[in-house]
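Input: a single structure, listed below in structure tokens.
Throughout, a chain's letter reflects where its sequence line sits, starting with A, and its residues are numbered from 1.
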Amino acid sequence: MSSPAATSLSEGRATARSMAIPDSLRKLIRLLLGLAIAAVIWEGAVLLFGIRPYYLPRLSTILMAMAATPRAYVDGFLRTLAETLIGFASGGAFGVLMGVVFFRVRALREMIFPIFVVSQTIPVIAFGALVVLWFGNTLLAKAIIAFYLTFFPVTVNTLLGLEAVDPKQVALMRSFGASSRQLLLRLQLPTALPQIFVALRLAASLSLVGAIVGEWFGDTTGLGVLLLQAMFTENVVAIWAALLAAALLGTGFYAAVAAVERRLVFWNAEQ
Amino acid sequence: MEAPQAHPKPEPLLELRAINKTFGAVAALSGLQASVAPGEFVTVVGPSGCGKSTLFNIVAGLEEPDAGGILRFEGNSCHASDLLGRVSFMPQRDLLFPWRNVVDNAILALEVEGMPREQARAKALKMLPEFGLAGFEKQYPNQLSGGMRQRVALMRTFLFERDLMLLDEPFGALDALTRAMMQRWLLDVWQKYRRTILFITHDVDEAIFLGDRVLVMTARPGSVKLEQIVDLPRPRRPEIVTSPEFVRLKRTLLDAIEEESMKSFQSSIAQEKMP
Amino acid sequence: MEAPQAHPKPEPLLELRAINKTFGAVAALSGLQASVAPGEFVTVVGPSGCGKSTLFNIVAGLEEPDAGGILRFEGNSCHASDLLGRVSFMPQRDLLFPWRNVVDNAILALEVEGMPREQARAKALKMLPEFGLAGFEKQYPNQLSGGMRQRVALMRTFLFERDLMLLDEPFGALDALTRAMMQRWLLDVWQKYRRTILFITHDVDEAIFLGDRVLVMTARPGSVKLEQIVDLPRPRRPEIVTSPEFVRLKRTLLDAIEEESMKSFQSSIAQEKMP
Amino acid sequence: MSRALASPSLAVQRGILGAVLLVACWEGAARGLHLPAYVLPAVSDILVGLWSKRAILVDAAGYTLLEALVGYGLGCLIGIGLAVAIALVPALRSAILPLATAINSVPVVGYSPLILLWFGIGVSSKIVMVAMAVSFTVLLSMLAGLDRVDRRAVDLMKSFGASRFGVLWRLRLPTALPLLLAGMRVSTVRSVIVAIVTEMLGAHGGLGWVIYQAVLQIDFVQVWAAIFVASAASLAFFGLIGFLERKILFWT
Amino acid sequence: AELQKASLRLKWLPQAQFAGFYVAAAKGYYKTEGIDLTINPGGPNLLTENLVATGADTFGLSGGTDSVFAARDKGLPIVCIGVSHQITPFIFVTRKDGPVKTIQDFKGKTVTTWFTGANHVLNGMLAKEGIKPDELKIQPQQVSVTPFVDGNVDVVTATYYNEFYTIQSRMPKDSLKTFVAEDYGITFPRDTLIVAEATAKEKPELVKAFLRASLKGWKDAFSDPKGAVDTVMAAAPTLDRAQQEFMLTEVKRLMTAGAAAKNGMFWIDADAVKTAHDFFLKYGVISKPVDLAAAYDASFIQSIPAADRLP
Ligand SMILES: Nc1ncnc2c1ncn2[C@@H]1O[C@H](COP(=O)(O)OP(=O)(O)OP(=O)(O)O)[C@@H](O)[C@H]1O
Ligand SMILES: Nc1ncnc2c1ncn2[C@@H]1O[C@H](COP(=O)(O)OP(=O)(O)OP(=O)(O)O)[C@@H](O)[C@H]1O
Ligand SMILES: Cc1ncc(C[n+]2csc(CCO)c2C)c(N)n1
Ligand SMILES: [Mg+2]
Ligand SMILES: [Mg+2]
């Protein structure tokens, strides 16, 4: 919750309660309105300034291209969504786990963290062949790439969040005889949660990147396939169509993660 | 009711000898010596910054004193860290968890002990009215007043039932009556369960009213300057504060504290003149 | 020295009328009415959780009261937010910044005002001994005791020189002598610079000793239950606390507070019985 | 952190131990299982390859690092700038954030045809791509940091008459620093990667270009050698920001 | 009988360049031959030779004769069992009204090319004309041909079937001039069918069955181009139909040119292979001579009746 909300909080809450549904509806309407305005600006700008379609095609052209082969986009969307979700979930879980492990076992951290950093410096696309070799052209292969891209920021932020815990609060818990597990579950992880979510929001985007790039290694369906196809046939309209679909997926997923964050991290920041 | 023995018994619950603690260049405690008998109520007063909270941190097991000091608990020599989980400790700052509401903050220690959450909540809910917090069980710390936060922290400590309680200025943010009610409540608990209590306060009246013994600490580096036994009969009525013995005790203690406070101001002025 | 006029002058510095403030379901203030004359020293007491800090937040400009209330400052009707930057405010929790050392925390307000850092530091360094903080200028907040943190917060407030000062339990964590020294210091400042002071405390002695007038607040929802003029001569010596007038005033105030405190406990018990 | 500073040599020793163990397993697997180079070359072969191609690789690394560093600097500036703008003008949040998220949720490589088209095959397209990737991470981290501030501390600053900017500069920025720097640290590695990946899609030089060529020439030793160089460069970059982070965040 | 599982790794994404395989699969020709075939697309940074050598895929439609040499040179155990494009599919394109009239005019000009095989064709042509590569500005060619269309590049590389179409569709008719490798006595056959050495040795029947089914698919594709493009577009619906039809026509020309006209599709023209090999050896693209007999095994394609091979 940010500072300017302070005074409006009580009033805002009261109005929100008295007309809860219209409020969420209003939000939706505002969103749709925003999208509509953006669409009009896009369409208008292209027409008005006579932008070459090669640089920026009209939105209507793009939407029509999508409507011409809707199955390709729907199937691609769903397939990429599945890969993204699996990669995100596993990467997030592993990232938090490694953050905790590194936090608890310093020796392990000093030994392995640098290797994690190194692992992140390897561009996966250089190893398309290896990925196919090890994992085949399966959904799993994409999920693994998504996983590979997501876990590291989560580990870094988990570690950071865990280390930012007020030592006085740790001392209090220890004075209650808390085991290190209890310390972790009841104090350190909740304290780190806001930080972890920053990374998870980032990971939401990164896992999609992983899924899409993963689809470049000889796959048959997915937004990445559509993007690649469009890219190499120099079909600018199709490039934009694939970009729009990916942006829709990415923004939706990001919004979902952010919504979960708002539910879980409800308390005000406090030292 | 008989006044508890104020003189240290043959086997004290807690014994500290030659305790030093330095933080970098700052010596917080130096040669501190004290012992607390089982069931005793000891209050601690002293100038601000003299090392009271540091002493508590050591007894709560949170900080090790410098090497060379002796720490004994229930007759056994031990490390400070051995005391973790054996002492119920209320820190000077409330340290409530912002993601837990009043009840869940209060039951923190119970949860750590392994009590099922629902059972712990039920137990805490019953105590809320006594702490003037009824109806606030669902509030989060940022929705509470300063005194209410302190009462939640206090409740959390009481629910963690241990033989030795360390309370660091627990009533600092309370108004006179709430404070009086809390004092009465504390004395009840102490007598009923024969707990041993170490209690930091800046209120000399409170120190005398509650304690079997008042420890006055010296200016930093802290040690015990004076151990004043309070042999007023119990139960003590509020009117006792106007009794001549009480006033005499208060005078003695105030003089001791003021002498030390003065020192700490002088020393800091001296320090300031030649850095 | 002459005692300042305690009765509200024709044009008060601050005037509050029919002030309400609710937080969701909790009514913190209700129909609060008060006015403060220029140069007056008004102390505020009341049961814990009755809305004192809320009142201060409003006067400091941080929270708007509910619609309908009237707020006047220097004769002009205004919004609470108009008071931002015109009142020097010390919050109940110290809110020191962990990345600033003692001096730099103290000069925060000066920096905000635009004073060059070095000049501000020089000014603050000179004040350190008076606050018993000499030699600690380079320490960070996590290296300070509770009382020292409070003194740094106090210093930060004093350096922000405004006509109206709001102090929320500024001496809560100080020992008797340090507290007495700070009180003396505060009275000096007040008289020298003719500042107007609103001062929350739980210590009735302190409220009487310092104030021209003591406002006793009712239990939540808070309003002013009693305005007690303190017509003790100034300067007041420490001995005054034993004078009959003082004791009489104290009795009146304690009775009023206790009645209210009792209410807040009863009401919370009642609330508890029928949630 | 203080613990880390207390025994830096031990930490380094452990880091080296970890690296040595990894290399030993790798070498053992490659040699023991007789893995062909196109599956996994032995570390020793890679190092030999690295040495023999050192001139090319150092050149390429310089090229890539230049792109990464410039793009990184630009990305940080943009990210921080946007975050500050949002902090100063909250209305911008609902305008900038969804747009930034939408843009960022498409893999940077997705833009490469457009970016290569608009900025050419040279250095500037790589810089743009790196800046795009970095700025989002930095923006998100910085915003999260800025929002983490204690509301009552903001109130205090306001009571001193601090402007939005004053609150930002003296309170929210320091509060945000730990998260910002963590974001910047993570971004170092990404910046090198994005530079390399973009180079693989078309460039005049750089490690990505070397890797791309090597893959097509089925020279996996050279692929790995280039990756080693890229890792070393990223690590140095990561370490530099980590070092600055520890210098700056003395109070945590 | 049990179907035998196998996969074909293409050199690129689904498009009419590979129509015959898709048609064969769609019409069940592989099944008839007892093969349960999966067609795996290729992509950037995927090397068909590598995937086939490691056994990740059974068959591969790989880069071309040049990449087969390179793979054998690096010790990858693959064998070429058929060559698809009998003549060089790459051409070099310039503007008719531009400064480049002859290949000599390449000197000092900006020429972009792919470093994935096309560069060898360019170098070969230059060498035949006695031009050293450092006399011109050779730059890596990106995905897009726009720099050429926009006039920022003097000579651009194209495939007959893909980029050339794009360029033509974006520039005025008859404004282009092309340079063809064959005019300079060079032929780099491309799009080679490969299998692992082990497959060739242990499962010759599978290889033959695969070739038979594929040939049938291709013949169908050429006799019904519209239907073939339909089949391809079922796999990649966002493709541009007109371009795919153009592509199929061009691919047919490439696949049935040269020795294939007489010997049928996927014929391995030993002479063309040898010429290319000697060229690569001379210019150091491969480090040592490749055993051509081991690298190119024409026995499989030759075992199929000529009538089935001819389009
Ligand atoms: N972590 C620390 N690092 C450095 N110095 C410290 C630290 N903790 C405490 N000190 C110093 O030790 C001294 C004693 O502090 P302590 O908190 O024990 O005082 P106290 O008696 O509790 O004071 P108060 O009544 O004001 O709470 C102080 O001078 C303080 O500055
Ligand atoms: N942000 C908030 N949200 C909800 N309730 C609040 C909030 N702030 C204060 N309250 C409620 O308002 C009431 C008055 O609080 P306030 O802090 O003003 O009390 P106080 O008189 O200062 O008490 P104390 O002496 O304990 O500091 C309390 O019941 C508290 O729970
Ligand atoms: C990165 C990249 N590499 C190679 C080509 C050359 N190319 C053009 S079309 C095509 C597939 C067959 O049509 C191939 C390999 C390219 N365009 N981009
Ligand atoms: Mg203390
Ligand atoms: Mg308060």
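- Only the side chain of B/R100 comes within contact range of chain A, with at least one heavy atom under 4.5 Å from a heavy atom of that chain.
- Between B/A60 and B/F89 the shortest heavy-atom distance is CB-CG, 3.8 Å.
- Contact of A/L183 with chain B is not made at all, since no heavy-atom distance falls under 4.5 Å.
- There is no contact between B/E63 and chain A, counting heavy-atom distances below 4.5 Å.
- Among B/S81, B/S88, B/A109, the residue making the largest number of heavy-atom pairs under 4.5 Å with chain A is B/A109.
- No cation-pi contact links B/K52 to B/F56, judged by a cut-off of 6.0 Å to the six-membered ring centre and 45° from its axis.
- Two rings, from B/W99 and B/Y140, have their centers 6.0 Å or more apart.
- Between chain A and the residues B/R162, B/M90, B/R156, the most heavy-atom pairs under 4.5 angstrom are made by B/R156.
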B/V42 and B/F199: side-chain contact (heavy atoms from CB on, under 4.5 Å), yes or no, with the steps?
-> CA-CA 6 Å; B/V42 178; B/F199 186 109; over 6 Å; no
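- Ion pairing of B/R72 with B/E15 is present here, as a side-chain N (NZ or NE/NH1/NH2) and a carboxylate O approach within less than 4.0 Å.
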